[in-house]
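Since the structure comes first, as C-alpha cells, the remarks are kept for the end.
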2 protein chains.
Amino acid sequence: MATTIDDVARAAGVSTSTVSYVLSGKRPISAPTRQRVERAILDLDYRPHAGARALASSRTNVLGLMAPLRIDVDVSVIMQFVTGVVTTARTFDHDVLLLTSDEIAGMERVASGSMVDSLVMMDIEADDPRVPVLARLRQPAVLIGLPRDPEGLSCVDLDFRAAAQLAVRHLAALGHRQIALLGSPRAVLDRHTSYAERMIHGFEQAARVAGVDGVVEPCEPSMAGAVAAVDAVLARLPGVTGLVVHNETALPWVLSSLRDRGRRVPEDVSVVGVCPADVAGDQPLELTHVDIPAHAIGRVAVEMAMARVERAEPAETRLLAPVLVEGASTAGAAH
Amino acid sequence: MATTIDDVARAAGVSTSTVSYVLSGKRPISAPTRQRVERAILDLDYRPHAGARALASSRTNVLGLMAPLRIDVDVSVIMQFVTGVVTTARTFDHDVLLLTSDEIAGMERVASGSMVDSLVMMDIEADDPRVPVLARLRQPAVLIGLPRDPEGLSCVDLDFRAAAQLAVRHLAALGHRQIALLGSPRAVLDRHTSYAERMIHGFEQAARVAGVDGVVEPCEPSMAGAVAAVDAVLARLPGVTGLVVHNETALPWVLSSLRDRGRRVPEDVSVVGVCPADVAGDQPLELTHVDIPAHAIGRVAVEMAMARVERAEPAETRLLAPVLVEGASTAGAAH
DNA sequence: CTGAAAGCGCTAACAT
DNA sequence: ATGTTAGCGCTTTCAG
C-alpha cells in the first residue's frame, strides 16, 4: 500500500538517492533520468513520508502558530491573521500546526519534539512570559506584536502608534478640538497587550502635539459596553466632536448609540475606525478608517520566519505603516 | 544538544527499549527502574523526536483539521468548533494541523504523507467533493455536518432538523400562526451546505405539522442583508408574529430593524435565535434560543476520531439533540 | 551525472 | 521484568 522511495527507484531503474535528488533539486539530474523518475512518481502516486523526511533531514516543513482563541480579541481579525499565515505557509510548502495561547508548554513541546521548524506567535503582551521561552528554542520565532524586550526574536505588527497619530491628525486637521479614543477592553489592557498600549500612547502624544483635548476610554466588546463607553466619553468630554474607535466588536454599537444620543455622524461627531477594511465595510455608513492589514501581517510573519529558517537571516522588527481611508464618517468640525 | 533516547538509557543504566516502554506504558516496568528512567528524562530534559516516533510507530499523534476560513460562515462559531477540537485533541495527547477548505488537495497531502492519524472536516456540503476523497484515505475521517452519502465516514452535528422543529413548536405553542425562518446566506445555500438545508426542511415540516404558515427567507450576513430579509418577510407575510433566526451575524441587525419597523419584541413579534449561547447573550435582550453547541460538537468529533484510531471502532453518525433556552424574546401571540 | 551505504531516533518483535 | 536488534523511509556524505 504505502509506496516508498525505493519502489520509485526500482520502477525508474535508478538509485534511491537519485529519486531523492529529483525531489529536492539539490543536485543536477539529466533530463531523461528526471523524466523517468517523475513518471514513476506519478504512476505509483508516491508521497514521501513526512516523519522519515523529518528524521533524516531535521526539517519538518511545518510552522507552529500560536493563536489566541479567546473571545475578547475580535475573532474576525484573528481569522484574517490565521488565513494570512496559513496561505503564505503553503506558498513555502509548509503546513501549519495550531496551538492555543493558553498552553504555554505547547510551544516547547512542539519545538523540542521537532514537530516544527519555526513558530509564529500572535497577541503578544508587553511582558509576555512566552517570549523568554521562545528565545531559548532551537527554532526561530516571529512575534506578532511588540514585547518590551524582544530578546532577539523577530517582530511584526501594524505601527499602532503611527495609526493613532494618523487618526488624530486627520481629526485635528478637520478642526476637531475635543477628541476621544474608544479603545480595547479592560481585560486586554490589563494584560498589557502590546498593540493596545501603543495605540493609547500614540493617541495621547498626537493629541498633545496637535494641541487638542484627548481622553481615552476602554470599551468592552458588547452592546452594553459600547453604550457605556460612549456615555462615559460624553460625560467626561461633553464637547467631544471626534471619536477614534479601536474596537471592531463595539463599532456598530458605538455608531447606533451615538444616534440614540442624538449625535449625528459626521455632522455632530466625526468617527475614525481603526479596524480591518472589511469590518469598516460592514458598517451602516462608509467609515473613515485606518486599516489593520491583518492578512498582510500574517503573511509577513511567515515570510520572516522562512527567511530565518531557509537563509538564516538575522531577526528584525517590522512595523507596517498605517493607511487612512477617508469615508463619510468624518467631516469638518462645526464652527 | 538534542538528547536522544539512548542518552536517557545510558544515564538511567537501562536499555533503550526500557525507556521507550516507560514512556509508552506498553509493558510493565518495576517501580525502581521507572523512577530512575523518569529522573534521567527530567535531568536531561529529554523530548522524543516526533518524526522518529512517527516513522517507527506509524502514528503521528497529530489530527488534521480542515476549517473553512471563509467569511460567510460566522467566524465566532468556527472559532468555537476549532477550540473544541484543539482542546480535546490535547486531552488525547494530540496536536492539530490546520488546513483550509479551499485546499482540497491538502487533506490528501497530509494523509498520504503520513502527517496525521485522522482528519476532522468542518462545513460539509450535501454533495461535498471532499467526501469521496476522504473515504479512500488510510486515516479515518470525521465530518462535522451530514453529506447526502457519508460513504462510511463518521459524522457529527447538531440535529438541525430537530432544532427547527423545537423552535417552531415553541412558537406554535405560544399561539403564533404566521412564522418565518431567517436563514443562511444565499452563498451557503447555493453550496447546499448540509446544516442550512436540514434547518429549512425541519422548519417547513414542523410548520406543516403544526398547521401554521411558514416562510423561509435567506439572509446575508450584514446589516443591509438583515434589513432586506426582514422587509422581505414583512412583505411576504404581513401578519408574521414569529421569527426563527438562524444567522449569527444578522441577529443584531434583525432585532434593530424590527424595532425600526415599529415591531416590538416580544409584544408584536417573538424571536427565536438558533445560535451559540454566547451569541444569544450578546444581544440587547435575553434571547430565546436553540443553542448551537459548537464547542461540544468539536469535542465529540475528536472523540469519534480517536475511537476509530485507537480502538478501531466502526464509523457512526451522531446528531446532538437541540436544547431550547427560554428568554424574553418570545411571548404569547396577541389575540 | 549517478550509486552505495551510513545513519537520523525511535518502536516493537524476539529474546531471555 | 528487562535487553538486543531489526527495521521504519528518507537524506546525504562519500565514491566513482
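These numbers were taken from a predicted model, which means no experiment stands behind them. Here is the naming used below: chain letters follow the sequence lines, and residue numbers restart at 1 for every chain.
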**Request:** With a 4.0 angstrom cut-off to heavy atoms of chain A, pull out the first and last contacting nucleotide of DNA chain D, in 5'-to-3' order.
**Result:** D:dG9 to D:dC14

Name all residues meeting the side-chain contact (heavy atoms from CB on, under 4.5 Å) criterion together with [X]; count only those two or more places apart in sequence or in a different chain, and write none if there are none.
X: A:Arg109; result: A:Leu99, A:Glu103, B:Arg90, B:Asp95
X: A:Ala141; result: A:Leu119, A:Leu134, A:Leu153
X: A:Thr193; result: A:Asp123, A:Glu125, A:Val188, A:Arg191, A:Tyr195

**Request:** Tell me which residues in residues 46-61 of chain A put a heavy atom below 4.0 Å from DNA chain C, sorted by number, or none.
**Result:** A:Leu55, A:Ala56

**Message:** For DNA chain C, which residues of residues 15-30 of chain A approach it to below 4.0 angstrom with any heavy atom?
**Reply:** A:Ser15, A:Thr16, A:Ser17, A:Thr18, A:Arg27, A:Pro28, A:Ile29, A:Ser30

**Request:** Report the end-to-end axis angle of the helix from C:dC1-D:dG16 to C:dT16-D:dA1; each axis comes from five terminal pairs, and the value is rounded to 10°.
**Result:**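 Here the helix ends are tilted 30° relative to one another.
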
**Spacing of B:Asp127 atom CG and B:Asp149 atom CG [to the nearest 0.5 Å]** =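 So the CG of B:Asp127 and the CG of B:Asp149 are separated by 9.0 Å.
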
**Message:** Suppose we screen for salt bridge (Lys or Arg N to Asp or Glu O under 4.0 Å). Which residues come up paired with A:Arg27, at least two apart in sequence or across chains?
**Reply:**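 If we apply the salt bridge (Lys or Arg N to Asp or Glu O under 4.0 Å) test to A:Arg27, skipping adjacent residues, there are no hits.
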
**Request:** Would you check, one step at a time, whether the test salt bridge (charged side-chain N to carboxylate O under 4.0 Å, His left out) holds for A:Arg10 with A:Asp6?
**Result:** CA-CA 6 Å; A:Arg10 206 169 306 121; A:Asp6 289 305; 5.5 Å; no

**Message:** Distance under 4.0 Å to a non-hydrogen atom of chain B counts as contact; along DNA chain C, which nucleotides mark the start and end?
**Reply:**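 That gives a stretch of C:dG9 to C:dC14.
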
**Prompt:** Is the closest basic N to carboxylate O distance between A:Glu151 and A:Arg136 below 4.0 Å?
**Reply:** yes

**Asked** According to the salt bridge (charged side-chain N to carboxylate O under 4.0 Å, His left out) rule, which pairs have a member within residues 111-122 of chain A, sequence neighbours left out?
**Response**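 Counting only pairs at least two positions apart or across chains, the salt bridge (charged side-chain N to carboxylate O under 4.0 Å, His left out) contacts touching residues 111-122 of chain A are A:Arg59-A:Asp117.
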
**Prompt:** What pairs meet the salt bridge (charged side-chain N to carboxylate O under 4.0 Å, His left out) rule with one or both residues in residues 13-26 of chain A, with sequence neighbours excluded?
**Reply:**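 Every candidate salt bridge (charged side-chain N to carboxylate O under 4.0 Å, His left out) pair involving residues 13-26 of chain A fails, so no pair, neighbours aside, qualifies.
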
**Criterion side-chain contact (heavy atoms from CB on, under 4.5 Å) against A:Val302, the qualifying member of A:Leu65, A:Thr88, A:Thr91** = A:Thr88

**Asked** Looking at DNA chain D, which of residues 5-13 of chain B put a heavy atom within less than 4.0 Å of it?
**Response** B:Gly13

